[in-house]
Amino acid sequence: MARMNERPIGFFDSGVGGLCIRDAVQALLPREDTVYIADSAHCPYGNKSPEEVRALAQAHTRTLLEKGCKMVVVACNTATAAAIDALRAEWPDVPFVGMEPAVKPAALRSTSGVVGVLATQGTFNGRLYRETCARCAKKTVVLMCVADEFVTLVERGETSGPRAEAVVRAKVEPLLAAGADHLVLGCTHFPHLKPLIEQVAAGRAAVIEPSAAVARQAKRLLAERDWLNPSGGTSHVFIRT
Ligand code: DGL
């Protein structure tokens, strides 16, 4: 087995959504190798029970660790909500990076006092989301919008065109009409639709997504263990279930 530094970083998601997170990590850490699991066989996760999503997250983590990964990025908000505590408890020596809707920066930047969060039902049901809202958005109205249709679009590779625009408009317009001046993309599939969401929200709301912040967190956790790879970056494995 390679030395810890030389091992890849592992990622998983219910499909191709989390590739935006992998790309952000690669951009920040170009010397890191990666393994990405796109669990298309079980997509979507958003309306599955937490138990079901947790079992899938544990299985993917096991696969990534068997492949020698030194870190696991749960590149899925829904899986983070359902499973991150269980994963950390089961593998205490493995650094995990999870996803959390960026409610805090949205609340801090909002001048209207209203922000919209687009995510899955599973993410909204999670303790993490509730606690973040209670902690960071005391004086902000946080509108929740379940946008499973966005996941379908992205999995189909349909991220532009009139049909995709109509789907995006149907979800985003009500948030804008209710006064939201920031839209939080709380699902890793949604940044793939960012240009379209920005087009619909132009001049009315800013779009916030956390890929870069997640990449910085991954770097921090590796750096503090002295696990950064000085010499890799050539192997990027993609596994689709
Ligand atoms: N990409 C996932 C997330 O960040 C979920 C999409 C789904 O499978 O429902 O929540």
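Please read all numbers here as calculations on a predicted model, not as lab measurements. Every number for a ligand or one of its atoms is a count from 1 in the order of the listing. One is the number of the first residue; the rest follow in order along the sequence.
- Glu90 has no carboxylate O lying under 4.0 Å from a charged side-chain N of Arg54, or vice versa, which leaves the two without a salt bridge.
- Residues Ile208 and Arg109 come closest through the heavy atom pair CD1-NH1, 3.7 Å.
- For the residue pair Gln58 and Arg62, no side-chain donor N or O sits within less than 3.5 Å of a side-chain acceptor on the partner.
- By the neighbour-count criterion of 12 heavy atoms within 6.0 Å, atom CZ of Arg31 is sparsely surrounded, having that number or fewer from other residues, nucleotides or ligands.
- The minimum heavy-atom distance between Ala119 and Cys187, with the atom names listed, is CA-CB, 4.4 Å.
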Note down each nitrogen or oxygen pair, ligand 1 side and protein side, whose separation is under 3.5 Å; give only atom names and the distance to 0.1 Å.
{"from": "ligand 1", "atom 1": "1 (N)", "to": "Asp13", "atom 2": "OD1", "distance (Å)": "3.0"}
{"from": "ligand 1", "atom 1": "1 (N)", "to": "Asp13", "atom 2": "OD2", "distance (Å)": "3.4"}
{"from": "ligand 1", "atom 1": "1 (N)", "to": "Thr188", "atom 2": "OG1", "distance (Å)": "2.9"}
{"from": "ligand 1", "atom 1": "1 (N)", "to": "His189", "atom 2": "ND1", "distance (Å)": "2.8"}
{"from": "ligand 1", "atom 1": "4 (O)", "to": "Asn77", "atom 2": "N", "distance (Å)": "2.8"}
{"from": "ligand 1", "atom 1": "4 (O)", "to": "Asn77", "atom 2": "OD1", "distance (Å)": "3.3"}
{"from": "ligand 1", "atom 1": "4 (O)", "to": "Thr188", "atom 2": "N", "distance (Å)": "2.8"}
{"from": "ligand 1", "atom 1": "4 (O)", "to": "Thr188", "atom 2": "OG1", "distance (Å)": "3.2"}
{"from": "ligand 1", "atom 1": "8 (O)", "to": "Ser14", "atom 2": "OG", "distance (Å)": "2.6"}
{"from": "ligand 1", "atom 1": "8 (O)", "to": "Tyr45", "atom 2": "N", "distance (Å)": "2.6"}
{"from": "ligand 1", "atom 1": "9 (O)", "to": "Tyr45", "atom 2": "N", "distance (Å)": "3.3"}
{"from": "ligand 1", "atom 1": "9 (O)", "to": "Gly46", "atom 2": "N", "distance (Å)": "2.8"}
{"from": "ligand 1", "atom 1": "10 (O)", "to": "Asn77", "atom 2": "N", "distance (Å)": "3.4"}
{"from": "ligand 1", "atom 1": "10 (O)", "to": "Thr78", "atom 2": "N", "distance (Å)": "3.1"}
{"from": "ligand 1", "atom 1": "10 (O)", "to": "Thr78", "atom 2": "OG1", "distance (Å)": "2.6"}

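- Looking only at atom types and distance, the side chain of Thr78 has a donor-acceptor partner in the side chain of Thr120 under 3.5 Å away.
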